[in-house]
Amino acid sequence: QVHLVESGGGSVQAGGSLRLSCVNTERTYSGNCMAWFRQAPGKEREGVAAIYTGGSRTYYTDSVKGRFTISQVTVNDTIYLQMNSLQFDDTAMYYCAAGFRPLLAANVGESHDYTFWGQGTQVTVSS
């Protein structure tokens with residue numbers, strides 16, 4: 001069974017930074033791609049960043065390019081999301097996801113593309 005646990009959320013002022021972590025605690029095979037999604041109140045869940053196993057490829061939604069970096073440490077089944085220059089609109093619940101994606105996929109993907117999900121960690125940015 002895959003069990004994803006996120007941590008690292010919190011409250012920061014605009015312009016600040018946070019680093020989110022997601023651990024696959026059961027160390028079970030969870031697919032070839034892991035990602036971060038976020039959902040703000042009243043909005044759809046959106047993909048933020050994705051990384052293929054081994055870190056060979058990464059993808060970002062346009063609004064976070066140049067500010068967020070997704071990375072992976074395969075030895076402990078952990079992915080990170082380094083978030084810099086945070087903006088008010090980055091406020092949301094952030095979720096870690098994992099699953100199997102086509103090798104030719106060249107984007108973060110949609111929620112239904114991922115099978116396994118964590119419980120989320122809240123990020124709040126004050127202006």
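Worth saying up front: this structure is predicted, and the values here are computed from it rather than measured. Numbering starts at 1 and runs along the sequence shown.
- Remark: Asp113 engages Arg101 in a salt bridge (Lys or Arg N to Asp or Glu O under 4.0 Å) (not counting sequence neighbours).
- Under the ring-ring contact (aromatic ring centres under 6.0 Å, His included) criterion, the residue pairs touching residues 108-127 are Phe37-Tyr114, Phe37-Trp117, with sequence neighbours excluded.
- The backbone N or O of Phe88 sits nowhere less than 3.5 Å from a side-chain atom of Ser127 that would complete a donor-acceptor pair.
- Evaluation of the side-chain hydrogen bond (donor to acceptor under 3.5 Å, both in side chains) test over residues 89-100, restricted to residues two or more places apart or in two chains, returns Arg38-Asp90, Arg38-Tyr94, Arg67-Asp90.
- A continuous path of Ile, Leu, Val, Met, Phe, Trp and Tyr side chains, each step under 4.5 Å between heavy atoms, connects Ile70 with Phe68, placing both in one hydrophobic cluster.
- Counting only residues at least two apart or in different chains, salt bridge (Lys or Arg N to Asp or Glu O under 4.0 Å) contacts with residues 115-125 are absent.
- With values rounded to the nearest 0.5 angstrom, Gln1 atom CD is found 9.0 Å from Thr25 atom OG1.
- With sequence neighbours left out, Thr115 forms a side chain to side chain contact (heavy atoms under 4.5 Å, CB included) with no residue at all.
- Distance check, rounded to the nearest 0.5 Å: SG of Cys33 to OH of Tyr52 gives 5.0 Å.
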Donor-acceptor pairs under 3.5 Å, side chain of residues 5-20 to any protein atom, not counting sequence neighbours: which ones?
{"from": "Glu6", "atom 1": "OE1", "to": "Gln119", "atom 2": "N", "distance (Å)": "3.0"}
{"from": "Glu6", "atom 1": "OE1", "to": "Gly120", "atom 2": "N", "distance (Å)": "2.9"}
{"from": "Glu6", "atom 1": "OE2", "to": "Cys96", "atom 2": "N", "distance (Å)": "2.8"}
{"from": "Glu6", "atom 1": "OE2", "to": "Gly120", "atom 2": "N", "distance (Å)": "3.1"}
{"from": "Ser17", "atom 1": "OG", "to": "Asn84", "atom 2": "OD1", "distance (Å)": "2.9"}

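- The closest donor-acceptor contact from the side chain of Thr69 to the backbone of Gln82 lies at 3.5 Å or more, if one exists at all.
- Residue pairs satisfying the salt bridge (Lys or Arg N to Asp or Glu O under 4.0 Å) criterion with at least one member in residues 117-127, sequence neighbours excluded, are absent.
- A heavy-atom distance below 4.5 Å is not found between the side chains of Trp36 and Val108.
- In the hydrophobic clustering (ILVMFWY side chains linked at under 4.5 Å, chained through shared members), Leu104 stands by itself.
- Note: Leu4 CG to Glu26 CD = 10.0 Å, rounded to the nearest 0.5 Å.
- Every residue was checked against the salt bridge (Lys or Arg N to Asp or Glu O under 4.0 Å) condition with Arg57, not counting sequence neighbours, and none meets it.
- For residues 39-71, the set of pairs meeting the disulfide (SG to SG under 2.5 Å) definition, not counting sequence neighbours, is empty.
- Under the side chain to side chain contact (heavy atoms under 4.5 Å, CB included) criterion, Lys43 pairs with Ala40, sequence neighbours left out.
- Residues Tyr59 and Val48 do not share a hydrophobic cluster, defined by chaining ILVMFWY side chains whose heavy atoms lie under 4.5 Å apart.
- For Gln122 against Ala92, the heavy-atom pair with the smallest separation is NE2-O, 3.4 Å.
- Under the rule for a ring pair (Phe, Tyr, Trp, His ring centres under 6.0 Å), the partners of Phe100 that lie at least two apart in sequence or sit in another chain are Tyr29.
- For the atom pair Gln72 CD and Ile79 CD1, the distance stands at 7.0 Å (nearest 0.5 Å).
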